[in-house]
Amino acid sequence: MSTELEQSIQQEFINKYKITNNRDAKNLFFKELLTTSQDNGLSKKYENCFNGYINWINGEINTAKKHFKASLIIDEKFPLSLYGLGVIFHKLRDTELALEFFKRLKGIREFSSYAFNALGNMYRDAKAFNIAIYCYKESVKRDNNFSYPHNGLGIVYYKIFKYNEAIDHSLKSLEIDDNFAYPWDNLGNILRDTGHYKEADKCYRIAISKDNWLSPANAHYAMSQLHNPKKIEEAKKKLDKAIVCCNAEGNIYYAEEYKSLFINYEKKINITNKRKSSFETGSISTLDEILHETYSQHIDEYAARNIALSSAFLDYKYDNEESEYSFEVLRRWNSYTPIIANNYHISKGGGYFLKVGGKGIVIDPGLNFIDNFQGSGHSFCEIDFVLISHAHNDHTADFESILTLLYKYNDRIKGTDDKLKEPTMLHKIARTEQKSSYDINENERNEEFKKSDRRKIINFYITESVYRKYVGMLELKSSVDYNIHVIERGDEFNLNINNKNNSNSNIKVKVLDANHNDIISDRHSVGYLLTINNKIIIYTGDTSWTPEIEQQYKVIHDQYKEKQSISKDETILLVAHLGGFQDSEIDYDGKYDKNIFYKNHLGRLGLAKLIETLEPDICFISEFGEEFAEKREEITDIYRIAFSKIDNLKETIFLPADIGLELELTNKKIKAINDINNNNIEYDHVDPSKVKTILLINDYSLHYYNSDTITNERKLSQVLTNDYDFKRKNYLDINNRNIDIKKIRSLISKYESNIDT
């Protein structure tokens, strides 16, 4: 049991660690704690622990690790050493071990805020930004006066180009602790990226005045001064300081990177300065003048940042491989209308996305699929398999985009584009060998990439008509990063999901018959039946209703009816493509007539016959024509009411499908708006029977809400409208780089006198 003194020391650590921010102050703090524990004859676990922190601050990482481990041998639950060892393993990029110690710390109430902040740092470095944001916010919930998680949020929002949110959290961090140097460095980066160079330099200098050992601020300031010939010597001094700081902390890799980057910048500056000199004497050529002016006006940097902004979708992100089972609609309209849309934000096509245990399956990536996929918060690294049902453009348009992005994604993993980008093969080799990325040759990088489990390989399952459509651009060499499988009706195969938590999980796929003319072929269109454990997803693809199609679904119904009588968990989700209406359908007299039923889609009659035949648990009605923009809810209600009147027919839950409709397969719940808290929209997964839809007229989008908790549709409509307007403004702010510069200038003026001149 802890003595009062031990409790006092632990409380002092909690209270003072978070406000002791620069290296020298931290070193002194840990030495004081070490002396106190030794003078009072406390357990060796304290001596080992505080020696570990002193070693860590001084860059003696391996010695620090030994001291923390020795402390935990004495007391395996000692929180100060759990935190220290977690930080060390994070520093050594050993994610699994770092996670182990932070999760253990999370269970200790007094240290849970520290644990969540540390987890946020770890996920941030792994580019799992959504998880990082969650962890930082959990840290803030537990301790609202903790500046670190606000700083972490500032850095994450900066990395995902949400500049105003980044500023708000950086300022909040400084409001809590105005001696914290890191938020100033982050503000400098934001200002630099948005073209406020003078203010950026001031922020870097304030950061350095707060903590002269802050290597990033020294390096960033050094790079910023290279554009000014009068500041070259000062820039070199700051670079030298950054390198000394890195070496002192054991970050030899970063020391080498800063050095190489500085040399590269200096080379460009020297060349442009020579051109400027020639320009002033009147002897400069037109080409030299163009090169000088574009560089001296920072247009190179501006363009590079825009490339980074547009390429963020391709960044590698940490995959936590959780048991995630969800089916998501990322599609709005059918056919060709999104191609000729007069309002891009309204007229969208798309596809579908299935996530199983960390692996992602795209179905029919049509027009706007990548845009919808990215807009829903997904990243390219999530795509592992692609299934395509037929060759029409609204089901294949982004097939070529995925191939292009795959090539670019793997290039970025290698480190081809950006030598300083992390994590890449280049970065991994440089870290291992403790040298600069600029010194790694292409062969080393490519060999490491071949062995890496991060090399992205996508398996495409396509019909013969799709293959013929794209055959001219497909390579069949073993060196390409994709596999092409040409499928036929009746084929059955497994999509293997191999990861740590779901090593035995497979998705069984059966290729279904579909009657649809895709111009290239009238006999190769298909649908898909996917089996995930005891959940069945039936995707009709585009098909008309024929006696043969009816017989196919009767067989499927009979196969699964018996299973459902045994297991209540057996669930059928039907994703049915309506298409549109046909005048001839009005002539229906109770008998099948191919001249009455819609020829290329289910239509009203075919969809009704399919529901009657299959009796699914849930039906997503999809593939609406854009002519039904404001009538999808009414159409869905017509089916729901009509089928509810039929006795002895299994009850089916109907929902009109739109971008964002998501079914969590494990619990059979729909992601829906569950609360409106201070005009903020909060989601939860709720029982499908409680889910209703509301139409946002701004873009004709459907939104799904919990009818038990949201009772005021008018208020919900207003909140959705405000959210839509905010997102549109935020989109413009990101691209125009509009930030609230007044807030930062006001704070700079307060601390400007402290800048080391």
Side-chain angles (χ1 to χ4, degrees), residues 16 18-26 117 120-121 124 133 136-137 139-140 143-225 227-228 231 234-235 238 241-242 245 298 301 305 729-730 733-734 736-757:
K16 289 190 177 178
K18 64 185 181 184
I19 58 170
T20 310
N21 287 312
N22 70 55
R23 178 177 178 271
D24 292 334
K26 268 190 164 62
N117 178 67
N121 293 339
R124 183 191 76 207
I133 289 168
Y136 286 133
K137 287 183 176 180
S139 179
V140 170
D143 184 352
N144 196 38
N145 292 314
F146 195 4
S147 61
Y148 287 21
H150 284 291
N151 174 59
L153 284 166
I155 294 171
V156 169
Y157 284 126
Y158 162 69
K159 287 181 178 291
I160 60 176
F161 309 105
K162 293 187 176 182
Y163 293 124
N164 284 312
E165 281 143 293
I167 290 168
D168 287 344
H169 282 286
S170 295
L171 293 179
K172 179 63 178 176
S173 182
L174 291 171
E175 181 186 318
I176 295 169
D177 181 4
D178 64 359
N179 284 315
F180 200 6
Y182 273 101
W184 283 109
D185 182 57
N186 195 44
L187 288 171
N189 291 334
I190 296 165
L191 290 164
R192 186 161 190 80
D193 285 356
T194 52
H196 301 280
Y197 299 107
K198 289 181 180 178
E199 289 88 350
D201 287 353
K202 288 178 181 179
C203 286
Y204 293 140
R205 291 169 70 192
I206 293 171
I208 294 166
S209 74
K210 299 286 184 185
D211 185 357
N212 196 31
W213 285 92
L214 190 63
S215 58
N218 279 286
H220 292 147
Y221 181 65
M223 303 306 170
S224 73
Q225 296 311 300
H227 282 280
N228 186 344
K231 298 272 187 155
E234 183 183 351
K238 292 300 180 188
K241 181 65 176 181
C245 295
H298 302 278
E301 291 179 37
R305 196 61 188 171
K729 181 180 182 300
N730 190 53
D733 281 353
I734 287 173
N736 295 329
R737 302 181 177 199
N738 295 326
I739 64 169
D740 191 347
I741 188 68
K742 291 180 182 178
K743 283 184 187 177
I744 309 175
R745 281 178 178 156
S746 173
L747 196 63
I748 288 172
S749 64
K750 182 179 175 182
Y751 290 96
E752 216 169 346
S753 59
N754 296 330
I755 292 175
D756 177 14
T757 55

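None of the values given here were measured: they were computed from a predicted structure. Sequence positions, counted from 1, serve as the residue numbers for this chain.
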> With sequence neighbours left out, what residues match Ile176 under side chain to side chain contact (heavy atoms under 4.5 Å, CB included)?
Replying inline: Ser147, His150, Lys172
>> List the residues meeting ring pair (Phe, Tyr, Trp, His ring centres under 6.0 Å) with Phe180, not counting sequence neighbours, and say none if there are none.
In response: Tyr148
> Nearest 0.5 Å, what's the CG-NZ distance between Asn189 and Lys159?
Replying inline: 8.5 Å
>> Among residues at least two apart in sequence or on other chains, which ones pass side-chain hydrogen bond (donor to acceptor under 3.5 Å, both in side chains) with Ser173?
In response: none
> Can you name the residues that form a ring pair (Phe, Tyr, Trp, His ring centres under 6.0 Å) with His220, not counting sequence neighbours?
Replying inline: Tyr204
> Who passes side-chain hydrogen bond (donor to acceptor under 3.5 Å, both in side chains) against Asn186, sequence neighbours left out?
Replying inline: Ser170
> Who passes side-chain hydrogen bond (donor to acceptor under 3.5 Å, both in side chains) against Asn145, sequence neighbours left out?
Replying inline: none
> Does any N or O in the side chain of Tyr136 come within less than 3.5 Å of the main-chain N or O of Asn121, such that one atom is a donor and the other an acceptor?
Replying inline: yes
> When you measure from the side chain of Ser746 to the backbone N and O of Lys743, does any donor-acceptor pair fall under 3.5 Å?
Replying inline: no
> Atom CD1 in Ile206, atom CG in Leu187: separation rounded to 0.5 Å?
Replying inline: 9.0 Å
>> I want to check something: taking the side chain as every heavy atom from C-beta on, are Tyr163 and Tyr157 in contact at a cut-off of under 4.5 Å?
In response: no
> Mind checking what makes salt bridge (Lys or Arg N to Asp or Glu O under 4.0 Å) contact with Lys137, not counting sequence neighbours?
Replying inline: none
> With sequence neighbours excluded, what pairs up with Asn179 under the side chain to side chain contact (heavy atoms under 4.5 Å, CB included) test?
Replying inline: Asp177, Lys210
> Sequence neighbours excluded, which residues qualify as side-chain hydrogen bond (donor to acceptor under 3.5 Å, both in side chains) partners of Asp211?
Replying inline: none
> Looking at side-chain heavy atoms only, is the closest gap between Glu199 and Ile744 below 4.5 Å?
Replying inline: no
>> Looking only at side-chain N and O atoms, does Asp178 offer a donor or acceptor that is under 3.5 Å from a partner on Tyr751?
In response: yes
